[in-house]
Amino acid sequence: MPKDVSDRGPEKEPLIDGFGRHISYLRISVTDRCDLRCTYCMAERMKFLPKIELLRLGELERLAGIFIGLGVTKIRLTGGEPLVRRNITELIGNIGAHLKDGSLRELTMTSNATQLARHAGALYEAGMRRINISLDTLDAEKYRRITRGGDLGKTLAGIEAAKQVGLEIKINSVALKDDNRAELPDLIAWAHGQGFDMTLIEVMPMGDLGNDYRDQFLPLTVMREDLEQRWTLVEETYRSGGPSRYVRVAETGGRLGFISPLTQNFCAGCNRVRLTCTGRLYFCLGQNSHLDLRKPLRDGLSDEDIAVLIRNAMTQKPLQHDFVAAKDDNRPSVARHMSVTGG
Ligand code: SAM
Ligand code: SF4
């Protein structure tokens with residue numbers, strides 16, 4: 001039985017890491033699988049994990065409940081593509097039930113939207129109100145190339161369905177040196193025209209993709225200069241609680257975020273931890289320290305004992321990520337793929 005802070009009652013106090021940061025946000029990668037193979041995220045011939053290694057939906061639900069008991073108030077489901085996991089809407093409904101008593105304040109998701117036309121209604125019914133959707137181009141041929149086979153029409157239909165049911169949408173685009181640099185202003189204008197927020201993301205060196213990430217890497221400092229040729233960007237004090245820094249585009253009236261892990265470190269206010277589809281709790285996207293929760297779950301530990309393990313492990317959360325180490329190097333700074341930890 002794990003000891004230490006158990007007598008204080010693990011459910012009663014917030015999760016605090018070794019640097020005094022309050023951990024209130026959990027991201028859960030519900031699957032490493034995906035129906036797309038984006039060039040910056042996956043290798044062309046991905047080897048996925050054996051099913052037995054994945055947490056079952058009941059195990060994911062149980063861990064989500066334990067984290068909510070530990071004061072986590074926001075959960076984001078990600079992957080892989082969360083909507084390709086079978087019976088995912090059941091899990092969403094069950095986690096969403098915690099929204100009713102206010103113990104969970106927000107349940108949200110990051111999705112590629114290919115399956116969203118089918119599921120948007122169920123997400124809204126489960127209490128989801130916002131969703132992040134990944135879209136790097138509005139050119140069907142380029143979309144097929146970047147995603148290695150994706151159908152832009154299906155994705156846009158998913159986005160439209162989400163809009164129709166009333167989900168608030170944020171579009172995430174990875175800034176890519178050759179593929180979308182010239183197009184991003186138009187994509188931003190489109191998103192703002194639809195009433196969506198938009199965030200640009202720098203490519204992070206994760207997982208062996210069989211390429212050199214520097215061939216795709218576009219510093220957002222450069223992208224911002226491009227945008228300033230066309231628009232007036234007004235600094236915003238708004239923070240979503242995440243790593244994005246926001247501006248308002250004066251001409252479109254829309255909000256634009258920048259996630260720049262390589263050119264602007266954002267770790268000081270980090271409030272999140274990440275649970276992989278295999279039950280590993282990572283304290284940072286860009287570091288390797290983790291706590292395995294699958295074994296304690298399958299060994300039959302009680303919720304209380306698992307909560308103590310989690311609370312005690314918070315001291316392992318590092319001050320900041322290590323992506324900068326890979327800046328002048330073509331090797332990924334962490335070996336696992338983004339789809340395992342969840343972006
Ligand atoms: N499949 C879903 C999707 O694409 O939205 C959720 C998982 S995906 C891994 C989450 C986010 O990570 C996406 O916005 C994607 O663009 C981003 N991403 C994937 N690999 C990345 C990388 N190497 N660098 C930066 N962002 C990446
Ligand atoms: Fe799939 Fe999302 Fe990775 Fe693209 S970024 S391959 S959609 S998990």
Side-chain angles (χ1 to χ4, degrees), residues 24-25 27 40 73-74 76 78 105-113 116 120 124 128-139 143 155-156 158-160 162-177 179-204 217-272 285 321 323 343:
S24 56
Y25 182 4
R27 287 194 176 209
Y40 47 78
T73 53
K74 175 170 175 179
R76 175 178 298 280
T78 176
R105 291 203 198 118
E106 181 165 32
L107 174 60
T108 181
M109 173 180 281
T110 304
S111 169
N112 63 22
L116 203 49
Y124 195 88
M128 200 175 282
R129 293 294 176 265
R130 297 199 296 174
I131 186 163
N132 288 359
I133 294 174
S134 304
L135 181 67
D136 304 325
T137 177
L138 287 172
D139 175 316
Y143 185 81
T155 300
L156 293 179
I159 293 175
E160 185 56 29
K163 188 176 166 184
Q164 290 305 325
V165 300
L167 286 166
E168 201 180 301
I169 295 170
K170 178 154 78 73
I171 301 289
N172 283 343
S173 299
V174 176
L176 302 164
K177 188 157 71 179
D179 283 325
N180 67 4
R181 176 176 175 178
E183 190 199 336
L184 279 175
D186 289 342
L187 185 56
I188 294 166
W190 170 82
H192 288 172
Q194 297 275 332
F196 307 155
D197 281 355
M198 168 105 196
T199 290
L200 302 179
I201 307 174
E202 267 173 6
V203 180
M204 293 172 239
F217 180 67
L218 171 64
L220 288 187
T221 41
V222 172
M223 193 59 228
R224 190 171 166 146
E225 282 167 17
D226 285 5
L227 296 174
E228 280 169 340
Q229 307 268 327
R230 171 163 169 178
W231 287 321
T232 308
L233 307 183
V234 184
E235 293 295 334
E236 284 240 305
T237 46
Y238 171 84
R239 295 297 302 268
S240 59
S244 265
R245 302 281 193 282
Y246 288 94
V247 298
R248 175 81 50 188
V249 179
E251 290 78 359
T252 64
R255 186 180 281 149
L256 176 65
F258 294 88
I259 300 184
S260 320
L262 276 89
T263 57
Q264 186 179 45
N265 188 282
F266 49 58
C267 305
C270 184
N271 62 349
R272 64 196 59 190
L285 184 61
H321 65 67
F323 287 127

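Quantities reported herein were computed from a predicted structural model and do not represent experimental measurements. The first residue of the sequence shown is numbered 1, and numbering continues consecutively from there.
Glu202 contributes no side-chain N or O that, together with a main-chain N or O of Ala175, makes up a donor-acceptor pair within less than 3.5 Å. Side-chain N or O atoms of Arg248 include one that pairs as donor or acceptor with a backbone N or O of Gly253 at under 3.5 Å.
The distance from atom CG of Leu256 to atom NZ of Lys170, rounded to the nearest 0.5 Å, is 10.0 Å. Summarising the geometry, atom CG belonging to Leu187 is positioned 9.5 Å from atom NE2 belonging to His192; distances are rounded to the nearest 0.5 Å. If you take CD1 on Ile201 and OG on Ser173, they are separated by 7.5 Å, rounding to the nearest 0.5 Å. To the nearest 0.5 angstrom, Met223 atom CE is 10.5 Å from Leu176 atom CG. Expressed to the nearest 0.5 Å, how far CD1 of Ile171 lies from CG of Leu200 amounts to 11.5 Å. Rounding to the nearest 0.5 Å gives a distance of 13.5 Å between CZ of Arg245 and CD of Glu236.
Contact of the Arg230 side chain with the Val249 side chain is not registered, since no non-hydrogen atoms from C-beta on lie closer than 4.5 Å. Between Thr199 and Asn132, every side-chain heavy-atom pair lies at or beyond the 4.5 Å cut-off. Side-chain contact between Ile159 and Leu135 is present, with at least one heavy-atom pair separated by less than 4.5 Å.
Under the rule for a side chain to side chain contact (heavy atoms under 4.5 Å, CB included), the partners of Glu235 that lie at least two apart in sequence or sit in another chain are Arg224, Val247. Partners of Tyr124 according to the side chain to side chain contact (heavy atoms under 4.5 Å, CB included) rule, which considers only residues two or more places apart in sequence or in another chain, are Arg129, Val165, Leu167. Not a single side-chain hydrogen bond (donor to acceptor under 3.5 Å, both in side chains) links Asn180 to another residue, sequence neighbours left out. Residues that satisfy the side-chain hydrogen bond (donor to acceptor under 3.5 Å, both in side chains) test with Lys177, not counting sequence neighbours, are absent from this structure. For the side-chain hydrogen bond (donor to acceptor under 3.5 Å, both in side chains) test, no residue two or more places apart in sequence or in another chain qualifies with Asp139. The side chain to side chain contact (heavy atoms under 4.5 Å, CB included) check on Thr108 picks up Lys74, Arg76, Glu106, Arg130, with sequence neighbours excluded. Applying the ring pair (Phe, Tyr, Trp, His ring centres under 6.0 Å) test to Phe196 and every residue at least two apart in sequence or in another chain returns Trp190. Qualifying side-chain hydrogen bond (donor to acceptor under 3.5 Å, both in side chains) partners for Glu168, counting only residues two or more places apart in sequence or in other chains: none. Scored by the side chain to side chain contact (heavy atoms under 4.5 Å, CB included) test, Thr73 finds Ser24, Arg105 as partners (sequence neighbours excluded). For Arg181, the salt bridge (charged side-chain N to carboxylate O under 4.0 Å, His left out) partners two or more places apart in sequence, or in a different chain, are Asp226.
The shortest non-hydrogen separation linking Ala189 to Thr252 is CA-CG2, 4.5 Å. Ala250 and Val234 make their closest contact through CB-CG2, 4.3 Å (heavy atoms, listed as atom of the first residue, atom of the second, distance).
Between the side chains of Tyr40 and Asp136, at least one donor N or O sits under 3.5 Å from an acceptor N or O. No hydrogens or angles considered: a donor-acceptor pair under 3.5 Å links the side chains of Tyr25 and Arg27. A donor-acceptor contact closer than 3.5 angstrom is absent between the side chains of Glu225 and Gln229.
Remark: of the listed residues Thr137, Thr155, Asp179, Thr155 is the sole one forming a side-chain hydrogen bond (donor to acceptor under 3.5 Å, both in side chains) with Tyr143.
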